[in-house]
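Input: a single structure, listed below in structure tokens.
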Amino acid sequence: MNAASPASPLLEVRGLRMHFPVSEGLLGRKVGDVKAVDGIDFTVRRGETLGLVGESGCGKTTTGRCVLRLEKPTAGQIIFDGVDIASLGGKQLQALRQRIQVIFQDPYSSLNPRMTIGQIIAEPMFVHGIEPNATKRMERVHELLTICGLNAGFADRYPHEMSGGQRQRVGIARALAMNPEFIVCDEPVSALDVSIQAQVVNLLEDLREKFGLTYLFIAHDLSVVRHLCQRVAVMYLGHIVEMADSDTLFDNPQHPYTRALLAAVPVPDPDVEQGREFRPVKGEVPSPMNPPSGCVFHPRCPMAVDRCSKEAPQPREIAPGHMVACSEVKITG
Amino acid sequence: MSTTVPTMGLPAAVDASLALRPTVWMRCLRFVRREPLGTFGLALVIVMAVTGSMAELIAPYNPTANDFSAMTEAPSWAHLLGTDQFGRDLLSRLIYGARTAMIVGLSSALVGGVIGLVLGVGSAYFGGLIDLVMQRIFDIVMAFPLIILALAVVSIFGTGVQNVIIAITIPLIPRCARVVRSSALAIREIPYVDAARACGFSHSRIILRHMVPNVMAPFLIMITASVGQAVLAEASLSYLGLGVQEPVPAWGLMLQGGAEEYASTAPWIAIFPGLAIMLSVLGVNLFGDAMRDTLDPKMRNR
Ligand SMILES: Nc1ncnc2c1ncn2[C@@H]1O[C@H](COP(=O)(O)OP(=O)(O)OP(=O)(O)O)[C@@H](O)[C@H]1O
Ligand code: SF4
Ligand SMILES: [Mg+2]
């Protein structure tokens with residue numbers, strides 16, 4: 001295969017908006033909207049991992065939930081394998097759910113405490129008729145547990161009898177049970193011990209190669225993102241401000257927000273890189289209910305000029321595959 | 001006294017979590033040790049259940065047989081608790097009355113509880129308009145005191161054991177639904193419900209398999225509380241002449257008529273059924289409180 005040919009997109013998100021109405025008082029009068037996601041575009045190519053990073057509350061989880069169709073987006077298109085799934089319902093949505101799966105952040109609350117591990121992993125196979133034979137289904141459960149690095153004997157345990165890392169592996173096994181093509185990973189390792197994070201990250205990487213999976217990988221930890229993702233999108237207050245290949249983004253960030261996040265200093269030492277989380281940019285993150293006019297980053301931007309508060313910068317490709325939403329950045333390539 | 005746990009070797013420790021999975025018996029023992037009052041309550045309930053269900057074997061006399069040679073007799077060896085104005089043996093009537101109380105109390109608490117459970121969890125799961133409408137309906141039903149609503153239902157459907165059960169079940173539904181709903185609202189936000197939705201499970205599967213089993217604690221607490229309320233409501237309805245009808249033995253009924261008339265000359269006619277009502281409700285409530293503390297310590301201050 002020609003490595004230079006652009007892989008076809010599996011997921012294409014266009015103009016996605018998710019506004020949550022805020023109501024007040026007894027009668028539930030609507031007083032405004034939380035603009036959790038406010039018009040974002042991105043594509044995820046087949047077989048790649050797209051990282052989604054940004055400060056807490058910028059809308060990463062909401063984006064993931066829209067793609068999973070756990071929320072119905074306010075506006076925009078979510079084109080999965082050629083079909084717009086943004087307003088799908090009923091049977092078609094059920095069928096889609098086999099193809100898009102999720103791994104949650106918190107391994108403690110993402111497994112039903114009243115079910116055994118075996119039941120948890122077998123249930124989707126049973127419901128969708130993927131493996132109607134009970135004995136074969138249990139064999140498949142054991143196989144999935146083994147694939148995810150767990151002893152097949154864990155099938156009889158309850159979630160509370162396992163460690164966080166083990167539970168997260170169960171969550172991964174459950175996601176794999178339906179043979180999905182696409183998995184939304186919402187901070188899958190940030191609730192785990194540092195010593196276990198690397199193991200789970202490596203497992204995800206192995207599974208992607210083995211089963212040809214495509215990931216939307218939401219994360220806080222930049223070293224994990226750099227390790228795992230081919231491309232990275234940076235979000236700020238419901239917008240994607242920069243998107244590029246992983247190496248480009250980390251080595252040559254262009255958007256003032258990305259630069260501030262990365263503190264602009266390359267850190268060659270992996271131990272230092274490990275601890276490199278989001279450094280708070282000066283000032284408070286504005287409320288998504290009442291975002292600033294123009295460029296949403298302007299109140300905190302060190303490069304801001306007059307027109308930044310009036311015109312919202314349009315995303316531009318400043319170099320092939322390098323998208324930046326800032327009017328002050330020069331086109332380089 | 002302190003029990004020493006033998007130090008476990010490494011291989012054993014690996015599976016300690018499995019070995020420590022408490023059995024039903026261990027849980028029961030712990031309940032008895034920690035909740036003496038609750039155990040006492042449970043004992044009262046068990047006595048009531050056993051006497052009620054084995055009434056034929058235990059009762060010394062036919063509860064409906066009149067004996068005009070032994071009217072309003074004080075407690076004696078022949079009639080341990082005395083007789084009423086028709087010469088019916090009070091002990092035998094109390095024992096059969098326990099059966100009536102059990103049937104009415106348990107069935108209305110169970111039926112009302114289960115309907116409330118499904119409505120409460122469903123309301124929380126679907127949310128939005130469905131939830132809003134259900135909530136308002138519950139509010140309206142709950143605006144009437146339990147006994148008033150039960151009276152209204154009985155006056156529509158008529159008296160008799162079956163209708164009394166219906167009359168008490170209806171007001172119990174929203175009470176259980178409301179408590180269950182508030183727990184279910186919290187469960188709704190837990191990621192395993194999202195995981196079930198992301199797996200494409202049906203609404204009924206998510207409600208019944210993923211949410212209902214996780215609101216069992218408040219549900220069981222509500223059910224036991226409801227049994228007490230139902231027993232009391234049945235006694236009140238029967239006392240008012242709108243519940244179980246003569247000659248079926250029921251505690252509330254026994255407090256009526258002769259009991260009032262002979263209150264000064266034959267007080268045992270009123271005292272024993274009154275005691276039976278009090279002890280059974282006390283027993284159910286003590287047990288219910290202890291179970292609440294055991295199952296859900298957070299609800300203690302509600
Ligand atoms: N169901 C909801 N109703 C109202 N507001 C919501 C809802 N879900 C999310 N929000 C708001 O939308 C914004 C984005 O939330 P989101 O969970 O997507 O952020 P995030 O980037 O995942 O943050 P974190 O890193 O903390 O997980 C937040 O301000 C949040 O309060
Ligand atoms: S558009 Fe203006 S405010 Fe926004 S990031 Fe660029 S320079 Fe800063
Ligand atoms: Mg999040």
Side-chain angles (χ1 to χ4, degrees), chain A residues 27-28 61 64-65 67-71 90-115 119-121 123-128 130 151 153-154 156-163 166-167 170-171 174-175 177-178 180 183-184 186 191, chain B residues 11-24 27 117 121 125-136 139 183-220 295-296:
Chain A
L27 297 172
T61 296
R65 289 176 64 87
V67 171
L68 285 160
R69 279 306 314 279
L70 292 174
E71 308 282 359
K91 284 261 181 313
Q92 290 162 305
L93 187 57
Q94 302 282 85
L96 171 83
R97 297 209 184 279
Q98 290 183 47
R99 304 178 64 191
I100 305 184
Q101 272 301 303
V102 55
I103 298 166
F104 290 101
Q105 173 174 13
D106 180 5
Y108 289 88
S109 57
S110 57
L111 305 178
N112 186 339
R114 304 279 162 170
M115 292 168 79
Q119 289 170 329
I120 289 172
I121 300 172
E123 193 179 19
M125 293 190 260
F126 168 74
V127 169
H128 291 285
I130 294 168
N151 190 319
F154 278 112
D156 298 324
R157 293 206 183 186
Y158 282 90
H160 71 263
E161 295 164 337
M162 305 177 80
S163 72
Q166 289 170 336
R167 289 186 207 206
V170 173
R174 169 179 57 193
M178 294 210 275
I183 301 184
V184 175
D186 190 355
Chain B
V14 171
D15 258 36
S17 58
L18 271 189
L20 288 178
R21 193 186 278 177
T23 64
V24 175
R27 284 175 196 227
L117 173 72
V121 176
Y125 173 75
F126 289 109
L129 195 63
I130 294 180
D131 189 37
L132 199 75
V133 171
M134 295 253 257
Q135 284 301 105
R136 292 300 85 80
D139 285 348
S183 299
L185 278 180
I187 302 285
R188 176 85 172 75
E189 299 302 318
I190 300 182
Y192 59 75
V193 174
D194 280 332
R197 289 176 62 211
C199 284
F201 298 159
S202 63
H203 296 315
S204 57
R205 171 170 285 267
I206 297 175
I207 290 175
L208 296 176
R209 291 263 300 168
H210 294 267
M211 293 182 73
V212 161
N214 290 293
V215 295
M216 270 303 140
F219 169 68
L220 289 175
L295 288 178
D296 190 358

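Atom set for the values below is all heavy atoms of this structure, side chains included, hydrogens, waters and symmetry mates excluded. Every chain is numbered from 1 and lettered A, B, ... according to where its sequence line falls, protein lines coming before strand lines.
- Within the 4.5 angstrom heavy-atom criterion, no atom of A:D106 approaches chain B.
- Of all the heavy atoms in A:F126 and B:R205, the pair that sits closest is CE2-NH2, 3.2 Å.
- Annotation: maximal heavy-atom pairing with chain B below 4.5 Å, among A:R174, A:Q98, A:R69, occurs at A:R174.
- Looking at every heavy atom in both residues, B:P213 comes nearest to A:R114 through O-NE, 3.4 Å.
- B:Y192 approaches A:L111 most closely through the heavy-atom pair CD2-O, 3.5 Å.
- One finds the CE atom of A:M115 at 10.0 Å from the CG atom of B:N214 (value rounded to the nearest 0.5 Å).
- Neither the backbone nor the side chain of A:L93 has a heavy atom closer than 4.5 Å to any heavy atom of chain B.
- Across every non-hydrogen atom of A:L70 and B:A198, the tightest pair is CD2-N, 3.9 Å.
- When heavy atoms are compared at a cutoff of 4.5 Å, A:E123 approaches chain B by way of both its backbone and its side chain.
- Residues A:S110 and B:A195 share a closest heavy-atom pair of O-CB, 4.2 Å.
- Per-residue counts of heavy-atom pairs under 4.5 Å with chain B were compared for A:P113, A:A177, A:P180; the largest is that of A:P113.
- Scanning all heavy atoms of the two residues, the minimum distance from A:R97 to B:R197 falls at CD-O, 2.9 Å.
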